[in-house]
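This report concerns only the one structure given below.
Order of the sequence lines fixes the chain letters, A, B, ..., with proteins taken first and strands second; residue numbering starts at 1 for each chain.
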Amino acid sequence: MLHMAEGFDFAAIEGKWQSRWEREGLYRTPDSSDKPKYYAMEMLPYPSGDLHVGHAKNYTLGDAVARMLRMLGYNVLHPMGWDAFGLPAENAAIAHGVDPAAWTAENILNMRRQIKLMGTGYDWSREIATNEPEYYRWNQWLFLRLYEHGLAYKREAPVNWCPFDQTVLANEQVIDGRCWRCENLVERRLLSQWFLRITAYADRLLDDLDKLTGWPERTRTMQRNWIGRSEGVEFAFPVDGLDAKVAVFTTRIDTLFGATFLAVAPEHPVVESLLRAVPRDRAAAIASFAESLKSKSELERTSLMEKQGVFTGAYAINPLSHERIPIWITNYVLAEYGGGAVMGVPAHDERDLDFARKHGLPIVQVVVPSREPSPEPLERAFVEDGRLIASEDFSGMSSRRARESLAQRLAGMGAGAQSVNYKLRDWLISRQRYWGTPIPIVYCVGCGEVPVPDDQLPVLLPPRSRVEEFLQTTCPRCGGPARRESDTMDTFFESSWYYLRYLDPHNDRAPWAVERARHWMNVDQYIGGSEHTVLHLLYSRFFYKFFHDRGWVSGSDEPFQNLFHQGMVLRDGDKMSKSRGNVVGIDETAERSGIDAMRLFLLYVTPPEETSNWTDDGITGRVRLLNRVWRACEPYFDRCHPEPLDSAQDKLRGAHGAESKDEKTLIRAVNAAAKSAVDETISRRFHYNTTIAKLDELVNAMTAGAAAMPDSPAMRYAVEKLPILIAPFAPHIAEELWERSGHTTSVHLERYVEPDEAALAAEEITLVVQVNGKVRARIAAPAGVTENQALALALDDSNVRIHLGGKEIRKHIYVQDKLLNLVAA
RNA sequence: GGGCAAGUGGCGGAACUGGCAGACGCGCUGGACUUAGAAUCCAGUGGGGCGACCCGUCAGAGUUCGAGUCUCUGCUUGCCCACCA
């Protein structure tokens, strides 16, 4: 009687290998090695509580990539950590009366367990958590260096205020005028806040996008648009009868003679002097208009409201035409861009036209399309370039030339200059929240704003009940009474440099050692969601350039060489969310289907950049695959003895002529899977869905071969190679099969199967014969068949002859080993 | 409104550089095995036609010996940005 198969007990196998890997430190990465380095990283998670299969897609992909590269001979660094400061912890603390630190610690404990449960190969000796003093101490240290270099500063500015989260938000955190986290409409407030001068790096952040050829084009374009560089002219309109000037920025100085009004934001400083100069009732109207807009966000002012305005009663003087144009205060001019004032040219700007029509302001056309000699009454603003009219001695010029000439003229008069403006604004990092890195600044009655000296770092976050005593301190400079900064930092501060801390996580003298950065940076492959395109990824680039300028990192001044955005995971077409109750958890999936099956499914269901759809049916195919893999290898458990891999391969290669067709198919299937895995990795396309399909084909071939040629060397070859081939994707079963077939070391330390071109090459090809582009015959032919031989074969085919119908072959196209097209007439 | 990406069987997808459309899987149908089911294995599965064949990759045009792939026009869906002067 056959001894009963034990079967494939995935739960037992997965648990067994996870604890053995951990015990043996299999995934520890040495800092020095003979092998070339490779730094693979996924965006670190926020410890929100539980992981679902959406997270798993990200970490599975990163893990497969890291494992592939390790098996291709690299010394791979693959770390993991926790982005642990932030609002959810604080909100949970308020809601349930727990300590945010305890809440966070508990979540980290659970999520670390789940990430390990996913069979990932992280080097946990490098784990970081950004809420630990050992980490945020260096946040403070880096803040102080930015401060020293004038890149961190405090100023009063209109800021985005989220009334629900009770804190300010960075510009990048306002999505459609709403808080990125709670989706409430943000308000505008005038507050004194800390900013990082990211605009000082605007040009480099923009220009260096060209260097990032390993990034998705889409992401680069979005960053380009976010930085929003525009070139133009800044010049001033004197105010008639007042000793005041209003500076404006325009990209269309060629339309200067068409300016019929001046529009200013209610916050513009000139408004105050105007208020003093105009009659009392008009001043009151202006003041109440300004007041009505005070707390309105940019979105509300510009998108949700109609264009409104009040005439100030004052006039500005066009510096070239000397025309008097009325000054209006409007809601549609942004206070924070281009100086908060705009020259209104209704004929050549849609917004100005809209405003002019509503308020009866004149419309003067000064640019006409080149081919139309006389201006027609305008229906829409003519916003393209053209030829100037009614513009004194600039008339007749092209827009382009006029822009140069006008800029020169204004510059010559000392009235203006070429200028560049950015949409990018300085990064507001103050948060009026408890659970974050304290900003290391104290305010002293005598000395004013004083940075905390390095040797007093970290400024420890106090327990929540002790905040008041924390705030009272003494001045580090004069020893007098002082008060600490009560704001904490935006959590994006921590995540802008964490990839450097992984390199040297226990260093207590510096955030990282320069030589570690020299060795490991930059990150060879970064994987994460596209939602961070203008947040984390832009901030990190800014920080890294600052570090580079300080000499703390060397080589490239870009942190992330290659970037990959994985798509999200839906459940039956819907977004997974707790409120829908459709979240597919890691624990339940591990229990029901097994981790290897989950990993295979996530990589197989879609190319990784696409949105994938989780269905409970879908994963059954991968469970089946694993069972078939097991059954295909099981009969050989006691018969496969470890021997040098090359010899088996050489034996087969030498015996090519003697192999049966089935054997060749099997050997080809092994090599086709290997080729796919290697190609998808080095091309960084990561379409492992096609690789896993090749593994399906291999197992199909093995199943078919099991009966026909159980003792063939080709079967043994396949059984020997299959665990290696599947190891990056299904690491547990790979390890178990490897052990069962007599190996004593980990399969994950093996070199990946090197695709053998000779084994891949087909000896016989199918020659497709077309007549006038339609397939009329498929003829088996030896590989390397010549054009003349192919022609002869084709003309010998009866169906081809029928379709030629005795017509003359005018020409033919031959594609080697593939296709012959006969063109007949 | 602007920008970008994508539309292929009942479903997810494959075909990367123009050369056999639908690999692989899910589902479905039939068969084997089973008292029965589950599991497994085998066969089939784009549409039409008895058939040789014909039609077929969102729609329409074009380039080409040959188009899912390239060009143009339109439609649909998704994502991002939306008064930045």
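Counting all heavy atoms, side chain and backbone alike, A/Leu767 lies closest to A/Ala790 at CD2-CB, 3.8 Å.
For B/G48, the base is anti relative to its sugar; the glycosidic angle deviates from 0 by more than 90°.
B/G68 and B/C16: their P atoms are spaced 13 Å apart (whole Å). Nucleotides B/G7 and B/G13 place their P atoms 10 Å apart, quoted to the nearest Å. Across B/C80 and B/G44, the matching C1' atoms stand 45 Å from one another, rounded to whole Å. Rounded to whole Å, the C1' atom of B/C70 lies 8 Å from the corresponding atom of B/U63. Rounded to the nearest Å, the gap between the P atom of B/G9 and that of B/G47 is 12 Å. Between the C1' atoms of B/G49 and B/C4, the separation comes to 45 Å (whole Å). One P atom belongs to B/A67, the other to B/G62, and the distance between them is 12 Å to the nearest Å. A distance of about 15 Å separates the P atoms of B/A59 and B/C55, rounded to the whole Å.
With hydrogens and angles ignored, no donor-acceptor pair closer than 3.5 Å exists between the side chain of A/Asp696 and the base of B/C24. Remark: the A/Gln770 side chain and the B/G19 base include a donor-acceptor N/O pair separated by less than 3.5 Å.
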Pull out every protein N or O sitting under 3.5 Å from an N or O of nucleotides 76-81 of chain B, one pair per line with the distance.
residue	atom	partner	partner atom	Å
B/C79	O2'	A/Arg218	NH2	2.7

Restricting both atoms to N or O, compile the protein contacts to nucleotides 14-17 of chain B shorter than 3.5 Å, with distance only.
residue	atom	partner	partner atom	Å
B/A14	OP1	A/Asn689	ND2	3.2

N/O contacts under 3.5 Å, protein versus nucleotides 52-54 of chain B?
residue	atom	partner	partner atom	Å
B/C53	OP1	A/Asn799	OD1	3.1
B/C53	OP1	A/Asn799	ND2	3.1
B/C54	OP1	A/Arg776	NH1	3.3
B/C54	OP1	A/Arg776	NH2	3.1
B/C54	OP2	A/Arg776	NH1	3.3

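In this structure, a donor-acceptor pair under 3.5 Å is absent between the side chains of A/Tyr814 and A/Asn788. Side chains of A/Ser230 and A/Asn421: no donor on one and acceptor on the other come within 3.5 Å.
Checking the phosphate oxygens (OP1, OP2) of B/C65, a side-chain nitrogen or oxygen of A/Lys811 falls inside 4.0 Å. Within the structure, every side-chain polar atom (N or O) of A/Asn700 is placed at least 4.0 Å from both OP1 and OP2 of B/A23. Taking side-chain N and O atoms only, A/Tyr332 has no distance below 4.0 Å to OP1 or OP2 of B/A85. Taking only side-chain nitrogens and oxygens, A/Arg628 comes nearer than 4.0 Å to OP1 or OP2 of B/C41.
The distance from atom CG of A/Leu698 to atom OG1 of A/Thr703, rounded to the nearest 0.5 Å, is 9.0 Å. A/Ile813 contributes atom CD1, which lies 8.5 Å from atom CG of A/Leu822 (distance to the nearest 0.5 angstrom).
Within the shown strands, B/A6 is the pairing partner of B/U76 under the Watson-Crick or G-U definition, both distances less than 3.5 Å. Of the nucleotides present, B/C28 is the one that pairs with B/G44 by Watson-Crick or G-U wobble criteria, both distances under 3.5 Å. Under the Watson-Crick or G-U wobble criterion, with both distances below 3.5 Å, B/A61 is paired with B/U71. Applying the Watson-Crick and G-U wobble criteria (two distances, each under 3.5 Å), B/A21 pairs with nothing in any strand.
Regarding A/Lys57, its NZ atom lies at a distance of 12 Å from the C1' atom of B/G12, rounded to whole Å.
Side-chain contact between A/Ile692 and A/Arg622: present, with at least one pair of heavy atoms (C-beta onward) separated by less than 4.5 Å.
Residue contacts shown for A/Val605 are limited to sugar-phosphate atoms, with no base heavy atom under 4.0 Å away. Backbone-only engagement by A/Arg631 is indicated by non-hydrogen atom pairs under 4.0 Å involving sugar-phosphate atoms exclusively. A/Thr615 comes within contact range of no nucleotide atom at all, as no heavy-atom separation falls under 4.0 Å. Residue contacts for A/Tyr422: at a heavy-atom cut-off of 4.0 Å it reaches no nucleic acid atom on any strand shown. Looking at heavy-atom distances under 4.0 Å, A/Val815 makes contact with a base. The residue A/Asn627 sits apart from the nucleic acid: no heavy atom pair falls under 4.0 Å.
Residues passing the salt bridge (Lys or Arg N to Asp or Glu O under 4.0 Å) test with A/Asp679 are A/Lys675, sequence neighbours excluded. A search for side-chain hydrogen bond (donor to acceptor under 3.5 Å, both in side chains) contacts involving A/Gln223 returns A/Arg541, not counting sequence neighbours. Listed by chain and number, the residues in a side-chain hydrogen bond (donor to acceptor under 3.5 Å, both in side chains) with A/Thr681 are A/Tyr688 (sequence neighbours excluded). Remark: A/Trp328 pairs with A/Phe311, A/Phe355, A/His359 by the ring pair (Phe, Tyr, Trp, His ring centres under 6.0 Å) rule, at least two apart or across chains. Partners of A/Trp614 according to the ring pair (Phe, Tyr, Trp, His ring centres under 6.0 Å) rule, which considers only residues two or more places apart in sequence or in another chain, are A/Phe601. When the ring pair (Phe, Tyr, Trp, His ring centres under 6.0 Å) test is applied to A/Tyr201, the partners found at least two apart in sequence or on another chain are A/Phe542.
Looking at A/Ser399, its side chain does come within 3.5 Å of a backbone N or O of A/Gly386 through a donor-acceptor pair.
For the segment residues 248-261 of chain A, residues with any heavy atom less than 4.0 angstrom from an atom of RNA chain B are, sorted by number, A/Phe249, A/Thr250, A/Thr251.
Out of B/A85, B/C65, B/U40, the shortest distance to the side chain of A/Asn821 is found at B/C65. The listed nucleotides are B/G25, B/G19, B/C26; the one nearest the side chain of A/Asp617 is B/C26.
Looking at A/Asp352 and A/Lys307, no side-chain N of the basic residue comes within less than 4.0 Å of a carboxylate O on the acidic one, giving no salt bridge.
Listed by first and then second residue, the salt bridge (charged side-chain N to carboxylate O under 4.0 Å, His left out) pairs that reach into residues 251-263 of chain A are A/Arg252-A/Asp254, A/Arg252-A/Asp385, A/Asp254-A/Arg403, sequence neighbours excluded. Legend: salt bridge (charged side-chain N to carboxylate O under 4.0 Å, His left out) pairs involving residues 602-621 of chain A, not counting sequence neighbours, sorted by first then second residue: A/Arg571-A/Asp616.
Along RNA chain B, the nucleotide nearest to A/Thr703 and the one nearest to A/Leu822 differ in position, and the one closer to the 5' end is contacted by A/Thr703.
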